Number of protein chains: 2
Amino acid sequence: MGRNKTYKKDEVLEKALELFWRKGYEGTHLQDLVTHTGLNRFSLYKEFGGKDGLFHEVFELYVGRVTGFLSVLTKEPQGLSTIIKFFKSLNVSFFLHGCFLINSLSEKFLIQEKTYQKALDWTKKFDQALEMNLKISRDSGEIRDDITNESIKNFLIALDSGIAVMAINHPQKDVDMVVTLIDVFLQSLKK
Amino acid sequence: MGRNKTYKKDEVLEKALELFWRKGYEGTHLQDLVTHTGLNRFSLYKEFGGKDGLFHEVFELYVGRVTGFLSVLTKEPQGLSTIIKFFKSLNVSFFLHGCFLINSLSEKFLIQEKTYQKALDWTKKFDQALEMNLKISRDSGEIRDDITNESIKNFLIALDSGIAVMAINHPQKDVDMVVTLIDVFLQSLKK
DNA sequence: CTTATTTATCACCTATCGTTCTGAAATCAA
DNA sequence: TTGATTTCAGAACGATAGGTGATAAATAAG
């Protein structure tokens, strides 16, 4: 009963993601959201509770997706070979406007605390996924003894962030080059 | 003649840099600037022509500093050994709030065009500084033939960006680990 | 001391922010 | 058709944004 909604929630979230991702939380104004999502102000507040609530759901959508990427690392962890598989799966389109998580770091005091926590959760998961695979290769005696798993992990985290930044204004070709050299690097870690 | 200024321009720029760097252009409000720099609104407009003018001078200050970092690469370029020297010179304090250049990418339509151009200029310089050193090692036959200079360059650019991001919420120790492995990586590039 | 000049203070301007409210339009049950 | 319910469209709200103005205070030359 009652009038029908003229918007589809998932379409609204998709469009809002594009805006928040590209222009940030404060940089995305309510009028932008109203104009581009087609959602009117009344419904925005009814459906999401406000700008911060919409941002939170948008953030969850994004985190869900990048968490999906991690399945490459967690589903059948086999060590270094799995790690290179993960980096090969990276596509610039995932980082059209950089990494939404990284971008939002500077606005952590503007967004809800639980939203920021989602970013930390993902970081933790990525961390553990890398550790898991490194442990496998380490235990099998594959990795040089003079290099610690922690340092390899940090190196790979830096590379992942770096690729996200690079993807903003570099073509896929450049990212592919980086991934190729990650392979070279991982090979050099072997005994 | 006339009343003395109660502020020192370099101190104002220093404080404004901290604000813009941490909270971004739009995220830094005039009131923040007035409160933290001690500069009153009148003088801010007289001295810098407005918020965007102040931002530009602040940006120039930062770019000048990070351009200084590049001297390690350009002063006595000796190839791979110089490149590792550059990365060893990186300190988390340079990236307290990430890389100001990277942070500002998402606000390129809010700041002056010439300001954004400064960021592109630095990128170009970094690019060339890396190329120069890689060429030296390449010409001396130091580097494996199956790996191009361009791919190494992209790899190092990704690492640099990644370290900048990492430095936001990681201790120097973690960055040091990454740099140590960059050494390992560069060694693996040799014939 | 007077006067010209520069800066400081702070009230004030318009525009826009996020948010709320109002009344019309649409939908469905009775 | 009526009435209850829900959404729509957009006006209106208070707060604050960036920017400007008028006036007082400080300085230095004459």
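Proteins come first, then strands; the chains are lettered A, B, ... in the order of their sequence lines, and each starts at number 1. Quick caveat: nothing in here was measured; it's all calculated off a predicted structure.
Salt-bridge annotation for E14(A) and K8(A): absent, with no side-chain N of the basic residue lying under 4.0 Å from a carboxylate O of the acidic one. Salt-bridge check for R144(A) with D146(A): passed, with a basic side-chain N closer than 4.0 Å to an acidic carboxylate O. A salt bridge links E47(B) to K5(B): at least one charged side-chain nitrogen sits closer than 4.0 Å to a carboxylate oxygen.
Computed from coordinates, the N40(A) CG to dA25(C) C1' distance equals 12 Å when rounded to whole Å. Atom pair Q31(A):CD and dA11(D):P shows a separation of 11 Å (rounding to whole Å applied). Between the NZ atom of K5(B) and the P atom of dT9(C) there is a distance of 15 Å, given to the nearest Å. Summarising the geometry, the separation between NE2 on H29(A) and C1' on dT19(C) is reported as 15 Å, rounded to the nearest angstrom. The CG atom of L54(A) sits 14 Å away from the C1' atom of dT19(C) (whole-angstrom rounding). When the C1' atom of dG18(C) is taken as reference, atom CG of L110(A) falls 13 Å away, rounded to whole Å. The interatomic distance linking L44(B) (CG) with dT6(C) (P) rounds to 19 Å, in whole Å. Protein atom CG of L39(B) is 15 Å distant from nucleotide atom C1' of dG18(D), rounded to whole Å.
Taking the ring centroids of Y25(B) and F59(B), they lie at or beyond the 6.0 Å cut-off.
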So if I define the base as every atom that isn't primed, P, OP1 or OP2, how would nucleotides 21-30 of chain D read as a B/S/- string at a heavy-atom cutoff under 4.0 Å? ---BBBBB--
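Checked by atom type, the side-chain pair Q117(A)/K114(A) shows no donor-acceptor distance below 3.5 Å. For K190(A) and Q187(A), the side-chain atoms include at least one donor-acceptor pair closer than 3.5 Å.
Under the 4.5 Å side-chain criterion, counting only non-hydrogen atoms from C-beta, L80(B) is in contact with L134(B).
Judged by distance alone, with hydrogens and angles left aside, the side-chain atoms of D183(A) form no donor-acceptor pair with the main-chain N or O of I84(A) at under 3.5 Å. Between the side chain of T28(B) and the backbone N or O of L19(B), at least one donor-acceptor pair lies under 3.5 Å.
Regarding contacts with the backbone of dT7(D), every side-chain N or O of S43(A) stays at 4.0 angstrom or more from both OP1 and OP2.
Near-neighbour residues of DNA chain C inside residues 45-52 of chain A, defined by a heavy atom below 4.0 Å, number-ordered: Y45(A), K51(A).
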Assess whether salt bridge (charged side-chain N to carboxylate O under 4.0 Å, His left out) is satisfied between E26(B) and K23(A), documenting all intermediate values. CA-CA 10 Å; E26(B) 190 165 23; K23(A) 317 211 303 179; over 6 Å; no
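Taking the six-membered ring for Trp and thresholds of 30 and 60 degrees, W21(B) and F100(B) have ring planes inclined between 30 and 60 degrees apart.
Stem analysis of DNA chain D (Watson-Crick or G-U pairs, both distances under 3.5 Å, runs of at least three) returns C:1-30 with D:1-30.
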